[in-house]
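For reference, the structure discussed in these notes is given below.
Nothing here was measured: the structure is a model prediction, and the numbers come from that model. Per chain, numbering begins at 1; letters A, B, ... match sequence-line order.
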Number of protein chains: 2
Amino acid sequence: MQSSPRINLKTLAEHLGLSITTVSRALKDGPEVKPETVARVKQAAAALGYQPDAGGVYLRTGRTMKICSVFFAPEVTDYGDAGFLAQVDGVSRTLEGDNYNLIVLAQTASQSPLDTVRRVFQQRLADGVIFSRTMPMDERVRFCLEYKFPFVSFGRTELQTSHAFVDHDDEGGVYDAVIKLAGEGHRRIALFNPTGGLTYAGLRLRGYQRALAEVGLPWDPSLLVSADLSVWASQAALLALLQRDRGVSAILCANQLSMFGAMEAALEHGMDPTRDGLRIVGFGGMPFRMPFEQGVTYYYQPQRRDGEELARHMLALLAGSAPESLQTVLPYQRIDDLQRFRLELREQAAGSV
Amino acid sequence: MQSSPRINLKTLAEHLGLSITTVSRALKDGPEVKPETVARVKQAAAALGYQPDAGGVYLRTGRTMKICSVFFAPEVTDYGDAGFLAQVDGVSRTLEGDNYNLIVLAQTASQSPLDTVRRVFQQRLADGVIFSRTMPMDERVRFCLEYKFPFVSFGRTELQTSHAFVDHDDEGGVYDAVIKLAGEGHRRIALFNPTGGLTYAGLRLRGYQRALAEVGLPWDPSLLVSADLSVWASQAALLALLQRDRGVSAILCANQLSMFGAMEAALEHGMDPTRDGLRIVGFGGMPFRMPFEQGVTYYYQPQRRDGEELARHMLALLAGSAPESLQTVLPYQRIDDLQRFRLELREQAAGSV
DNA sequence: CGCACAATTCAAAACGTTTCGATTAACCTG
DNA sequence: CAGGTTAATCGAAACGTTTTGAATTGTGCG
């Protein structure tokens, strides 16, 4: 158990009086090796604590056994997105089973999204990449397709070539929300959408317009508000809306941060959510405690599951599955009573521990 | 700009009519290469988009150019810790300047903290490791010291051998809070501490007791409440406290999640923060909007800066600096008016963009 | 006994990089 | 111009692994 000379195939082979070739093959149950020898090698490897050197394996095989997930850092500017961590946890946990490790690369505001992906590819930082904030004509998707670099996007594109993705059914969620709100008598329903040309913003708009048409409400562009996906930006944009349009009685937010922004805007505008009957609809993962919770509807998706699905797709891709078969659109779960929902999650968590 | 043959030193050398040696040296400004040649090589490298292959570099130099940050996944169970992302952002951004990449390894509940660090070391996943949740006799610190593996702990230890760390001045923060609260007339001040034997829990207790002694208040063990660092656990523990002890007028929380827990507990107990004059003291990063904000004092530390400091220490360590010189204890900033503080941060952020 | 054939094992090459030591060319000194 | 010094470049080895092709044994059959 001496530690100075690091255990590698060579030391292991010398120690056993075998060749490097045989040891290497024995460790992966090569059929050319005598079963007896296999057992002997494996025992010695375990005893000496041999671990294959990742660099050596890569150089020979071209496989890094790493997957990269891109983390969009500018979103951290104010409250950050705790849900991303749950996703990371899901990805990490799923990859672990197949001996893959996760690299998280922070994408700063200064570099373009494509730069980050290109770097992963060119420096061979990982065998595949996972990214979000997907756009209809996403350049990262194009890049990966061109160089045949395995990837799973969190969000769909409108590109011809099909590829692996995981996405939320935002069109369906928004559609459902508008139908319900209209049923309750709401006439002026605002839609908040993130800027940046993300695919799901378009899908949300489609669901919105489809529902409006169905219930016979007019499509009023002034009810569509766009801003950055942060508390402050959405707050400012929605405050402006409330100030210029007294008829708005419901706001469809994009994620938790913009929901916080909507609530702050309502309070800043002097509204009392209970008295004024303002309805706020949010979308996202595990809901934080909010400034107020009356009149709030929440469309929920567990983000750890997103991560698990992303990782499963990635592993399947690397194992040779066709991208067409690796496309998931996950439905939202509608929550009307947040308090009760939290209690449920709490019991659920307590039960699993 | 042909894409099929990957650009490596060999192709680059052939393209320039130079040897691999010269090209390699030119790219790192080796003094043995004619300045003119250096320029020529660099230009060609840029034009062809040459990026050194991470695996090749590692195999030769033994440097992975990666740093691993361990992410404690069980904390995600409910609200997650958005602050960790800010830290990740800080680490990542700082490493980037020195061409290091960040690996985030999720530590699941099933594996011991030591396992994760050991894996990083044995598989040579990274050149160094950063971890938190440090304990006085931390086994990970012991391990890294024994194998001379570079590390920076977020949190101090009580081990003899000195090592690099970054920590918050929790003792000072708690001390300051108790002094102020006592000055306002509070007599029964509760201290919430996380379970798990973390170093900073002990430091908090020390600051608490020191302040009590100084202002002449008795040390009452029943005012010390311990539970997991989650909303639910802290909520349950603090609710129990409020129910059994009617005299408690202030609660010192540990992080944002336990502060949420304290507020939920107070509300569940039927308290009106304004009317009942309950003071809640929180510690942590960027403060979320909370269920109520009257009577709240917040001790703030920007977590992105934590990450930057951790990364700076790591880089210095790898450059050969003595660990003794890489020990930081950061003071908290006391915030009495959260609303105003958020506005300040907002303007600050707006100014920097 | 000679030959083919299977069962084991091995030597060597390759991946991309850095670096030691050697080589060449050019320049200076006496 | 011989001999020495410097500047610039190059060839080759090494890192740890997998894999191709070859070598060594043992066995069965004619």
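Taking 4.0 angstrom as the limit, A/Ser24 places a side-chain polar atom (N or O) nearer than this to OP1 or OP2 of D/dT18. Here A/Tyr58 does not reach the OP1 or OP2 of C/dA14: none of its side-chain N or O atoms lies under 4.0 Å away. In this model, the phosphate group of D/dA7 is not approached by any side-chain N or O of B/Lys34 to a distance below 4.0 Å at OP1 or OP2.
Side-chain atoms of A/Thr11 and A/Asn8 include a donor-acceptor pair closer than 3.5 Å.
For a distance-only test at 3.5 Å, the side chain of A/Thr21 qualifies as a donor-acceptor partner of the base of D/dT19. Counting distance only, with no hydrogens placed and no angle test, the side-chain atoms of B/Thr37 and the base atoms of D/dA8 include no donor-acceptor pair under 3.5 Å.
Nucleotide C/dG16 holds its P atom 15 Å from the CD atom of B/Gln51, rounded to whole Å. The CZ-P distance, from B/Arg60 to D/dC15, rounds to 9 Å in whole Å. One atom, CG of B/Leu9, and another, P of D/dC15, lie 19 Å apart when rounded to the nearest Å.
Between C/dT18, C/dT9, D/dT18, one nucleotide has an atom nearer to the side chain of A/Val57 than all others, and that is D/dT18. Nearest to the side-chain atoms of A/Thr22 among the listed nucleotides C/dG16, C/dC10, D/dT17 stands C/dC10. Set against C/dG16, D/dC10, C/dT9, the side chain of B/Ser19 has D/dC10 as its closest nucleotide.
Taking the six-membered ring for Trp, A/Phe121 and A/Phe143 have ring centres closer than 6.0 Å. In this structure, B/Phe71 has its ring center under 6.0 Å from that of B/Phe84.
The two atoms that bring B/Pro136 and B/Thr157 nearest to each other are O-CB, 3.4 Å, heavy atoms only.
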